[in-house]
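Take a look at the structure set out below.
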Amino acid sequence: MGESSALQSILYGRGALRLLDQRKLPLEEVYVDVKDSADGWNAIRDMVVRGAPAIAIAAALSLAVEVNDHNFIGTPAEAASFVSKKLEYLVSSRPTAVNLSDAATKLQNLVSTTAETAKDAKSIFQVFIEAAETMLVDDVADNKAIGLHGAEFLQRQLGSSKNISVLTHCNTGSLATAGYGTALGVIRALHSGGVLEKAFCTETRPFNQGSRLTAFELVHDKIPATLIADSAAAALMNNGQVQAVIVGADRIAANGDTANKIGTYNLSIAAKHHGVQFYVAAPVTSIDLSLPSGKQIVIEERSPKELLNSEGGLGKQVAASGISVWNPAFDVTPANLITAIITEKGVITKSDPDGTFDIKSFIECAK
C-alpha cells in the first residue's frame with residue numbers, strides 16, 4: 001500500500017510492517033520489521049521513522065499488525081479498552097507531534113463506538129485495522145493536495161515567476177509521510193510544473209535530517225538542489241537567492257504559532273528581515289485548536305548524545321567531556337512571522353499581514 005513510485009519510509013501489507021531505518025540513510029537502505037506496538041514505540045522514539053504524519057501512521061499500523069492475529073479473549077468493550085491503552089502508550093513516544101495524538105484520539109473514539117454494537121472482540125480489531133490502513137492511503141492524497149495548493153499560491157504571490165527558488169528545513173518528503181510530502185511536496189509540485197529554479201536544503205543539525213534525508217530525496221527525484229549549512233541561511237537570503245522558505249509542522253496552535261524542527265524560528269526571523277516569504281505546509285491534522293498559542297506547546301528535549309557525538313549521537317565523541325547540553329527537538333515560530341499556512345484543504349491566509357490566523361473559521365468552512 002502507499003505510493004510505489006516514490007521513496008517509501010513505510011512498507012505495509014495486512015499483518016506485516018517494515019520501516020525504513022532513516023538513521024542509516026543516505027549510505028544504507030535498511031528496513032526494520034515491526035511486529036507490535038512495542039516495536040513501533042521504539043522505532044518512533046529512536047527515530048527509525050520520523051516526520052509528524054509518518055509517525056502517526058507507523059504507530060497505528062504497528063498496533064494493526066499486533067492485533068491482526070491476536071487471540072484475544074474478552075468482550076468487545078475489553079478489546080476497545082486494549083486498543084485504547086496501546087494507543088496511549090504509542091503517543092508517549094513523541095509527544096510534540098500532534099498528528100500522533102490526534103490519530104490516537106480518533107481511533108480510540110472509533111473502537112469505543114464500535115464496541116457498543118459489536119458482537120465480538122475480533123470485529124473491534126478489524127475496524128481498527130481498516131482505519132489504520134485508510135490513514136496510509138489518505139496521507140498520500142492529502143500531500144499531493146498540499147503540493148498543488150502550495151505551488152499555485154506561490155506562483156500567484158510571486159507574480160507567476162518561472163524562476164522560483166525556495167529554501168526548506170529538516171525533512172518533509174516521502175520519508176516523513178506516507179509519500180510525496182508536505183513542504184517537500186510543494187517543491188515537487190513546483191518542479192513538475194516547470195517553475196522551480198532550485199531548492200536549497202539546510203543540513204538541519206544535530207540529527208542532519210536535511211543533509212541525510214532531504215538531499216537524498218532531491219537527488220533521487222532529480223530536482224535541482226543545493227545543500228547549505230544551517231548557519232548559511234541568512235547569507236543565502238541576503239544574496240537574493242531564494243524567494244520563499246517552506247517548512248513543515250509538528251503542531252500548529254489555534255492562532256497559527258507553529259512548532260517545527262529546531263532552527264525553524266531562526267529561519268523565520270532571517271526571512272522577515274530579508275523580505276522573504278515564509279510558509280508552513282502541513283495537513284490539518286497538525287493543527288491543535290485546543291492550544292490558543294504556541295506558548296502551550298510542549299517541546300520535547302532529545303538526548304545530549306546528539307550534540308556530543310557525531311552522526312546525530314551515533315558516532316564518535318566530538319564535544320568536550322563534561323560540557324552540559326541543551327537539545328530541544330523543536331522551536332516555535334510566531335504566527336506574525338508566517339506568510340501563510342498551506343494545507344490539503346487550501347491555504348490559510350491573514351487579513352492583517354502582521355496579525356494572526358483565524359484557523360478555526362478556515363477549518364469550519366473547509367468541512
Side-chain angles (χ1 to χ4, degrees), residues 1-10 50-54 56-57 99 135-158 160-202 209-210 213-225 242-250 252 258 260-261 264 277-287 338-349 362-363 366:
M1 298 179 73
E3 181 75 355
S4 61
S5 62
L7 289 166
Q8 289 180 275
S9 60
I10 301 170
R50 24 72 46 212
I57 295 166
N99 306 64
M135 287 174 60
L136 182 63
V137 175
D138 287 351
D139 188 61
V140 176
D142 288 345
N143 292 340
K144 289 187 174 181
I146 289 171
L148 178 62
H149 289 308
E152 290 178 346
F153 189 82
L154 258 71
Q155 289 179 75
R156 290 197 300 270
Q157 290 292 101
L158 297 172
S160 299
S161 172
K162 291 187 177 181
N163 298 295
I164 299 174
S165 290
V166 299
L167 170 65
T168 193
H169 187 59
C170 198
N171 175 258
T172 58
S174 296
L175 297 173
T177 63
Y180 202 72
T182 54
L184 201 53
V186 176
I187 291 173
R188 283 190 165 99
L190 289 168
H191 176 63
S192 63
V195 298
L196 180 73
E197 182 172 344
K198 182 176 286 189
F200 291 90
C201 60
T202 61
Q209 294 98 323
L213 308 179
T214 300
F216 182 71
E217 289 201 47
L218 291 167
V219 170
H220 178 274
D221 285 10
K222 297 181 173 58
I223 296 174
V242 292
Q243 290 75 52
V245 178
I246 310 175
V247 300
D250 285 81
I252 302 171
T258 297
N260 192 51
K261 181 55 56 184
T264 302
Q277 296 177 21
F278 187 93
Y279 296 95
V280 171
V284 294
T285 52
S286 294
I287 297 169
I338 299 171
T339 305
I341 300 171
I342 305 163
T343 78
E344 74 275 22
K345 304 291 186 181
V347 179
I348 309 173
T349 58
F362 173 88
I363 291 177

Give the C-alpha distance, both sets of side-chain angles, the deciding distance and a yes or no for side chain to side chain contact (heavy atoms under 4.5 Å, CB included) between Arg50 and Leu213. CA-CA 11 Å; Arg50 24 72 46 212; Leu213 308 179; 3.7 Å; yes
Quick one, Ile164 with Gln155, criterion side chain to side chain contact (heavy atoms under 4.5 Å, CB included). Give me CA distance, side-chain angles, the key distance, then yes/no. CA-CA 8 Å; Ile164 299 174; Gln155 289 179 75; 4.0 Å; yes
Test side chain to side chain contact (heavy atoms under 4.5 Å, CB included) on Thr182 and Asp142; report intermediate values, then the result. CA-CA 9 Å; Thr182 54; Asp142 288 345; over 6 Å; no
Apply side chain to side chain contact (heavy atoms under 4.5 Å, CB included) to Gln243 and Gln157, showing your working. CA-CA 10 Å; Gln243 290 75 52; Gln157 290 292 101; over 6 Å; no
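Side-chain contact check for Leu148 versus Lys144: every heavy-atom pair is 4.5 Å or farther apart. Contact of the Pro224 side chain with the His191 side chain is registered, since non-hydrogen atoms from C-beta on lie closer than 4.5 Å. Asn260 has its side chain out of reach of Val280: every pair of non-hydrogen atoms, C-beta onward, lies at least 4.5 Å apart. Phe153 has its side chain out of reach of Ile342: every pair of non-hydrogen atoms, C-beta onward, lies at least 4.5 Å apart.
Judged by distance alone, the side chain of Arg188 and the main-chain N or O of Tyr180 form a donor-acceptor pair under 3.5 Å.
Distance check: Lys345 NZ to Ile146 CD1 gives 10.5 Å after rounding to the nearest 0.5 Å. Atom OG of residue Ser192 and atom CD1 of residue Ile223 lie 8.5 Å apart, to the nearest 0.5 angstrom. In this structure, CD1 on Ile341 lies 5.0 Å from CD1 on Ile348, to the nearest 0.5 angstrom. Note: Asp139 CG to Ile10 CD1 = 7.5 Å, rounded to the nearest 0.5 Å. Note that CG of Asp250 and OG1 of Thr264 are 8.5 Å apart. Values are rounded to the nearest 0.5 Å. Between the CG atom in Asp138 and the OG1 atom in Thr285 there is a gap of 10.5 Å [rounded to 0.5 Å].
In plain terms, the two heavy atoms of Asn143 and Gly181 that are nearest each other are CB-O, 3.2 Å. Between Ser9 and Ser174 the shortest heavy-atom distance is OG-O, 3.7 Å. Of all non-hydrogen atoms in Thr214 and Thr172, the two that sit nearest each other are OG1-N, 4.5 Å. Smallest separation of non-hydrogen atoms from Leu154 and Ala244: CD2-CB, 4.2 Å. Across all non-hydrogen atoms, the minimal contact from Ala151 to Val186 is N-CG1, 3.9 Å. The two residues Val166 and Leu190 have their closest heavy-atom pair at CG1-CD1, 4.3 Å.
Residues passing the salt bridge (charged side-chain N to carboxylate O under 4.0 Å, His left out) test with Glu344: none are found, sequence neighbours excluded. Taking Ala215 as the reference, Cys201 meet the side-chain contact (heavy atoms from CB on, under 4.5 Å) condition, with sequence neighbours excluded.
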